[in-house]
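Below you will find the structure I want to go over with you.
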Number of protein chains: 2
Amino acid sequence: MPRTSTKGAAAAARVEPAYRLEDQVGFLLRRAYQRASSNLVERIGQYDLTAPQFATLARIHERGTLSQNLLGRLVAMEPANIRDVVLRLKKRRLVMTQRDPDDGRLILVSLTPSGTSLVSELLPIEIECTAKTLAGLNANEKRLLYELLGRLADS
Amino acid sequence: MPRTSTKGAAAAARVEPAYRLEDQVGFLLRRAYQRASSNLVERIGQYDLTAPQFATLARIHERGTLSQNLLGRLVAMEPANIRDVVLRLKKRRLVMTQRDPDDGRLILVSLTPSGTSLVSELLPIEIECTAKTLAGLNANEKRLLYELLGRLADS
DNA sequence: TTTTGATTGTTATGATCATAACGATTGGCA
DNA sequence: TGCCAATCGTTATGATCATAACAATCAAAA
């Protein structure tokens, strides 16, 4: 039986800090993300869109044409990763790219008409998915969770 | 300028629910997990161990010999995924496997001596990593975060 | 003007993930 | 005993991830 603190017990005993996988925040975050992600795929999976793909589309929809690199930063993906996502979306004609005439390094990414219409259709659905994922929490708990997660992510 | 509620304004205007990627809990969870994971790799990366690999080792350390399938469930991995992780750990002689003599379907997984010693060495380090990830939160906030994440993951 | 450093994107490698289809084994049940 | 559903593990496919090394482009400084 593990003890984390004792008084007057064997003084020389080295107290191992209790380790439980369930207490590691990374493990909890991975499982919670699994849940959120599967909720989303459950609803928009028929469109063959993954959560990162949808996040990418939503960001372009919000910002308009922008460089692939900036897009990656805005959806928290490394350059190598956002490149692959853009390629897949491009193959499906949801997104199109062009070189920036003013800066030969940049690849400008924008939504195609069908990409725009798909995003518009799915935005409300993702809002519902988020609601479903948070269904067990009241308004105050949701607000707290957002604040705490935000602090973790931005730290 | 988006408005979520108006009074006496154009009554027929359909009010688009405001969508912001930052408000989608899946996006927040992904970013928070990125942070937690990179904190861990920062500390135990020299051992060439990833977060899921370490979770797997820790679970075997806690439970002792167990079947690959059960191990997967206990670390939230699909059978196909835990298989790959076990193969990699096996290749590095941190883990060993044997067929269950009583049930020919099962593959029993256990730690090797060097696996055991590595886990023992790294357990306190992961506890430190979790503390670092949560550094910006006070005790009450930590407790709340755990409870809310747990409810999300188990829902 | 030339050089130097920073930024952008690509390539390569390897690990995580989910899903579906499949064979082998087991255990219960007719 | 013989069948049958459930369980376990594997294979295959495709998408996410991080990291490192690299070329091209740009910008600022010498």
Side-chain angles (χ1 to χ4, degrees), chain A residues 26-27 29-42 44-57 66-92 97-109, chain B residues 26-27 29-42 44-57 66-92 97-109:
Chain A
F27 182 67
L29 287 169
R30 183 163 68 85
R31 293 207 303 138
Y33 177 64
Q34 282 176 347
R35 169 70 53 184
S37 187
S38 94
N39 276 345
L40 185 62
V41 170
E42 202 172 276
I44 72 169
Q46 313 104 31
Y47 299 90
D48 267 306
L49 276 186
T50 65
Q53 284 172 10
F54 184 76
T56 301
L57 291 176
L66 77 179
S67 83
Q68 180 174 291
N69 189 279
L70 174 59
L71 176 57
R73 287 197 301 273
L74 292 175
V75 292
M77 291 188 207
E78 298 297 317
N81 304 331
I82 189 61
R83 171 188 174 272
D84 289 345
V85 172
V86 165
L87 276 182
R88 281 178 215 112
L89 295 176
K90 208 172 149 183
K91 195 175 299 178
R92 297 179 53 191
T97 61
Q98 72 182 94
R99 283 268 164 202
D100 186 328
D102 298 330
D103 188 337
R105 295 170 299 180
L106 305 188
I107 290 189
L108 300 178
V109 186
Chain B
F27 182 66
L29 287 169
R30 184 163 68 86
R31 291 208 301 138
Y33 177 64
Q34 281 175 349
R35 170 69 54 182
S37 184
S38 95
N39 277 345
L40 185 63
V41 171
E42 203 173 275
I44 73 169
Q46 313 103 34
Y47 298 89
D48 266 308
L49 276 186
T50 66
Q53 284 173 10
F54 185 75
T56 301
L57 292 176
L66 76 178
S67 82
Q68 181 174 290
N69 189 278
L70 175 58
L71 175 59
R73 287 197 302 273
L74 292 175
V75 293
M77 290 189 209
E78 298 297 319
N81 303 331
I82 188 63
R83 172 187 174 270
D84 288 345
V85 171
V86 166
L87 277 182
R88 281 178 214 111
L89 295 176
K90 208 173 149 184
K91 195 175 298 178
R92 296 179 54 191
T97 61
Q98 74 183 94
R99 283 266 166 204
D100 186 327
D102 298 329
D103 188 337
R105 294 170 300 179
L106 305 189
I107 289 189
L108 300 178
V109 187

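Owing to the predicted nature of the structure, the values given are computational and were not obtained by experimental measurement. Sequence lines set the chain letters: A, B, ... in the order given, protein chains first and strands last, and positions in each chain run from 1.
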**OP:** Scan B:Arg99 against the nucleic acid and name what it touches under 4.0 Å (heavy atoms): base, sugar-phosphate only, or nothing.
**Re:**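 Counting heavy atoms under 4.0 Å across all strands, no contact is made by B:Arg99.
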
Original post:
Can you check the B:Asp103 CG to D:dG9 P distance for me, whole Å?
Top reply: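 These atoms are roughly 9 Å apart.
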
Original post:
Counting side-chain heavy atoms from CB outward, which of D:dC8, C:dA6, C:dC17 is closest to A:Arg105?
Top reply: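 In terms of side-chain proximity for A:Arg105, the closest of D:dC8, C:dA6, C:dC17 is C:dA6.
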
Original post:
What is the distance from CD1 of B:Ile82 to C1' of C:dT16, rounded to the nearest Å?
Top reply: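 Roughly 11 Å, once rounded to whole Å.
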
**OP:** Kindly indicate whether the side chain of A:Leu108, heavy atoms from C-beta on, has any atom under 4.5 Å from the side chain of A:Arg99.
**Re:**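 No, side chains not in contact.
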
Original post:
When the nearest nucleotide of DNA chain D is assigned to A:Asp100 and to B:Ile107 on a heavy-atom basis, which residue is associated with the more 5' position?
Top reply: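 First, find each residue's nearest nucleotide; the 5'-ward one identifies B:Ile107.
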
Original post:
Would one find a side-chain N or O of A:Arg88 under 4.0 angstrom from OP1 or OP2 of D:dG14?
Top reply: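 So the side-chain polar atoms of A:Arg88 never come under 4.0 Å of the phosphate oxygens OP1 or OP2 of D:dG14.
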
Original post:
Under 4.0 Å between a side-chain N/O of A:Tyr33 and OP1 or OP2 of D:dC17, yes or no?
Top reply: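 For A:Tyr33, the contact criterion (side-chain N or O under 4.0 Å from OP1 or OP2 of D:dC17) is met.
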
**OP:** Indicate, with a heavy-atom threshold strictly under 4.0 Å, whether A:Asn81 touches base, sugar-phosphate, or nothing.
**Re:**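 Contact class for A:Asn81: base.
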
**OP:** Report the distance from atom CG of B:Leu87 to atom C1' of D:dT11, rounded to the nearest whole Å.
**Re:**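 Roughly 12 Å, once rounded to whole Å.
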
**OP:** Considering just the side-chain nitrogens and oxygens of B:Thr50, establish if one lies under 4.0 Å of OP1 or OP2 belonging to C:dT16.
**Re:**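 Checking B:Thr50 against C:dT16: at least one side-chain N or O falls below 4.0 Å of OP1 or OP2.
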
Subject >> Separation between CG of B:Asp84 and CG of B:Leu89, rounded to the nearest 0.5 Å >> reply: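 Result: 11.0 Å between the selected atoms.
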
Subject >> For A:Arg31, side-chain contact (heavy atoms from CB on, under 4.5 Å) partners two or more places apart >> reply: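 Result, side-chain contact (heavy atoms from CB on, under 4.5 Å) vs A:Arg31: A:Phe27, A:Leu28, A:Gln34, B:Ala76, B:Ala153, B:Asp154.
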
Original post:
For the pair made of CE in B:Met77 and P in C:dT19, what is the distance, rounded to whole Å?
Top reply: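 Answer to the nearest Å: 15 Å.
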
Original post:
Between A:Arg30 and A:Ser67, which has a closest nucleotide on DNA chain C that is more 5'?
Top reply: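 Checking each residue's closest nucleotide, the 5'-ward one belongs to A:Ser67.
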
**OP:** Without swapping roles, check the side chain of A:Arg92 against the backbone of A:Asp48 for a donor-acceptor pair under 3.5 Å.
**Re:**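 Judged by distance alone, yes, a pair lies under 3.5 Å.
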
Subject >> Rounded distance (Å) that lies between atom P of C:dT16 and atom CZ of A:Arg31 >> reply: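 Value for this atom pair: 18 Å.
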
**OP:** Would you mind telling me which of D:dA18, C:dT8, C:dT16 lies closest to the side-chain atoms of A:Asn69?
**Re:**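 Ranking D:dA18, C:dT8, C:dT16 by closest atom to the A:Asn69 side chain puts C:dT8 first.
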
**OP:** Calculate the interatomic distance between A:Leu40 atom CG and C:dC17 atom P; express it in whole Å.
**Re:**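 To the nearest whole Å, that distance equals 18 Å.
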
Subject >> Residue whose nearest DNA chain D nucleotide is more 5′ - A:Gly104 or A:Ala80 >> reply: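 Upstream on the strand: A:Ala80.
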
For residues 67-75 of chain B, dump all side-chain donor-acceptor pairs below 3.5 Å to protein atoms at least two apart in sequence or in another chain.
| from | atom 1 | to | atom 2 | distance (Å) |
| --- | --- | --- | --- | --- |
| B:Ser67 | OG | B:Leu70 | N | 3.1 |
| B:Asn69 | OD1 | B:Arg73 | NH1 | 2.3 |

Subject >> Base of D:dT10 paired with side chain of B:Arg83 (donor-acceptor, under 3.5 Å) >> reply: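 When only heavy-atom distances are counted, B:Arg83 does not reach the base of D:dT10 through any donor-acceptor pair under 3.5 Å.
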
Subject >> Atom pair distance, as rounded to whole Å: CZ in B:Arg35 and P in D:dC17 >> reply: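 It is 16 Å, rounded to the nearest whole Å.
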
Original post:
Which value, rounded to the nearest 0.5 Å, describes the distance between A:Thr56 atom OG1 and A:Leu49 atom CG?
Top reply: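 Interatomic distance, A:Thr56 OG1 to A:Leu49 CG, rounded to 0.5 Å: 10.0 Å.
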
Subject >> Along DNA chain C (nearest heavy atom to each residue), the more 5'-positioned of A:Leu106 and A:Ser38 >> reply: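 The residue whose closest nucleotide sits nearer the 5' end is A:Leu106.
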
**OP:** State whether A:Gln34 places a side-chain N or O below 4.0 Å from either non-bridging phosphate oxygen (OP1 or OP2) of C:dT16.
**Re:**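 Looking at the OP1 and OP2 atoms of C:dT16, neither is under 4.0 Å from any side-chain N or O of A:Gln34.
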
**OP:** Using a heavy-atom cut-off of under 4.0 Å over every strand shown, decide if A:Val85 touches base, sugar-phosphate, or nothing.
**Re:**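 Touches sugar-phosphate only.
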
**OP:** Give B:Pro79 one of three labels, base, sugar-phosphate or nothing, depending on what nucleic acid heavy atoms sit under 4.0 Å from its own.
**Re:**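 Base contact - B:Pro79 has a heavy atom under 4.0 Å of at least one base atom.
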
Original post:
Roughly, in whole Å, what's the span from CD in B:Glu78 to P in D:dG14?
Top reply: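 One finds 19 Å between P of D:dG14 and CD of B:Glu78, rounded.
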
